[in-house]
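Here the structure is laid out as structure tokens; the discussion comes afterwards.
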Amino acid sequence: MGKLDGRVAVITGGGAGIGRGIAGAFAREGASVLVAEIDETAGEDTAAWLRAQWGAQAEFVRTDITDKTQVIGMVEAAVRRFGRLDVLVNNAWKGSGYARLENLTDEQLRGGFDMAVMAAFWAMRAALPELTKHGTGRVINLCSLNGVNAHMYSAQYNAAKEALRTLTRTAAREWSSQQVCCNVICPGAQSAAYQRVMASDPAMAASIEAANPMGRIGDPLDDIGPVAVFLGSDDSRYLTGNTLFVDGGAHINGVQWAPAVD
């Protein structure tokens, strides 16, 4: 018996990186998974992987999380396909570039909030009626050490992710009486963004790994995924409003993050 047998999860940005890792961990524990992803190739590939590797019920729905109608549609698609919804994982993000604060544009800042805050807000609001039905409702929002440690040159990402943490804590307080648990993971993982950093600035990537207390950056499937499974399962039924730093201890002393930006 898997920890998520009989449960249904929607995972945004499930086609790659941390989202794909969480999708795999959920499927491994028996969940049915709706992969919500803007990249059709990546989304289809992940859903096929979940079916082939674990025999999971898995479907892909192309979703642009900055489009409210599509976000609501992904929730409806999960219920239509699987008959229920137990776990909502808000993970999706697409790159927004680096810039010094004084050079950051209005569009970049607004774009960050659209991707992290508005998208999660729309999804959480649409999912709530389903999340309250079985006593198994869980919201897992992916935030970031970038915001906690105020990393340089990514103010739009930092501010949006910290706003999402506050949104999560507020939902946890308001929805606790309905037995819907809302928590945050701040991961230190080999995400798609981290892979780009490794390719563009290997020296900085090496310094980040060396500064990590465990000496490595986490694997999305086997390091981040199991914690998401915990938050999606009955094991976390009395845990809400928390932030779990799944980062090998990197949050303790901060992370070296200083990309070259003009």
Side-chain angles (χ1 to χ4, degrees), residues 1-15 19 22-38 43 46-47 50-51 56-92 115-142 164 167-185 225 227-242:
M1 294 289 290
K3 291 186 176 182
L4 299 178
D5 278 352
R7 300 194 184 181
V8 175
V10 168
I11 302 173
T12 72
I22 291 174
F26 274 38
R28 187 165 60 190
E29 290 292 338
S32 300
V33 179
L34 185 96
V35 178
E37 169 66 53
I38 196 169
T46 296
L50 300 180
R51 293 190 294 265
Q57 293 190 77
E59 299 289 341
F60 158 68
V61 171
R62 187 187 184 281
T63 308
D64 178 351
I65 60 164
T66 63
D67 184 323
K68 179 179 179 180
T69 300
Q70 292 187 40
V71 172
I72 294 171
M74 89 185 171
V75 172
E76 294 173 343
V79 177
R80 186 167 58 248
R81 170 63 179 83
F82 301 116
R84 59 188 286 166
L85 177 59
D86 302 275
V87 186
L88 171 66
V89 181
N90 288 302
N91 162 76
M115 284 186 280
V117 181
M118 295 309 299
F121 170 65
W122 295 328
M124 290 163 67
R125 189 169 59 180
L128 182 61
E130 291 297 324
L131 298 178
T132 60
K133 286 184 177 179
H134 307 287
T136 54
R138 306 285 187 268
V139 175
I140 304 169
N141 289 334
L142 275 292
L164 180 57
L167 179 69
T168 311
R169 286 166 53 81
T170 303
R173 183 65 185 91
E174 292 188 12
W175 296 351
S176 58
S177 63
Q178 299 176 76
Q179 309 306 309
V180 176
C181 299
C182 304
N183 292 289
V184 165
I185 293 176
V227 178
V229 167
F230 163 69
L231 291 177
S233 73
D234 284 340
D235 290 344
S236 68
R237 67 180 188 175
Y238 202 54
L239 177 71
T240 195
N242 280 273

Distance-minimising heavy-atom pair for A9 and F26: CB-CD2, 3.4 Å
Non-hydrogen atoms of R81 and Q57 that approach each other most closely: NH1-OE1, 3.5 Å
Member of V117, I11, T12, L167 meeting the side-chain contact (heavy atoms from CB on, under 4.5 Å) criterion with N90: T12
Closest non-hydrogen atom pair between A25 and V229, with its separation: O-CG2, 3.6 Å
Worked check of side-chain contact (heavy atoms from CB on, under 4.5 Å) between M115 and T66: CA-CA 6 Å; M115 284 186 280; T66 63; 3.8 Å; yes
Flag, side chain of N183 to backbone of I140, donor-acceptor distance under 3.5 Å: no
For M74 against L34, the heavy-atom pair lying closest together: O-CD2, 3.4 Å
Side chain to side chain contact (heavy atoms under 4.5 Å, CB included) partners for A171, two or more places apart: M124, W175, C182
Donor-acceptor under 3.5 Å (S236 side chain, S233 main chain): yes
Distance in Å, I185 CD1 paired with L231 CG, rounded so as to fall on 0.5 Å steps: 5.0 Å
Salt bridge (Lys or Arg N to Asp or Glu O under 4.0 Å) contacts touching residues 167-177 (sequence neighbours left out): none
For K3, all residues meeting salt bridge (Lys or Arg N to Asp or Glu O under 4.0 Å), sequence neighbours excluded: D235
Any residue meeting salt bridge (Lys or Arg N to Asp or Glu O under 4.0 Å) with R237, in chain and number order, not counting sequence neighbours: none
Exam field: side chain T46 to backbone G15, donor-acceptor pair closer than 3.5 Å: yes
Residues in side chain to side chain contact (heavy atoms under 4.5 Å, CB included) contact with E130, at least two apart in sequence or another chain: V79, L85, K133
Inter-residue atom distance R138.CZ - F230.CZ, 0.5 Å rounding: 9.5 Å
Close side-chain approach of R84 to T136, heavy-atom, < 4.5 Å: yes
Expected output: side-chain N91 to main-chain G13 donor-acceptor under 3.5 Å: yes
Donor-acceptor contact below 3.5 Å, side chain R7 vs main chain A31: no
Heavy-atom donor-acceptor pair, Q70 side chain to D64 backbone, under 3.5 Å: yes
Minimal non-hydrogen separation, T63 against A36, with atom names: OG1-CB, 3.6 Å
Minimum-distance pair of heavy atoms, taken over all atoms of L164 and N141: CD1-ND2, 3.7 Å
All salt bridge (Lys or Arg N to Asp or Glu O under 4.0 Å) counterparts of R125, not counting sequence neighbours: none
Residue pair I38 / I65, side-chain heavy-atom distance below 4.5 Å: no
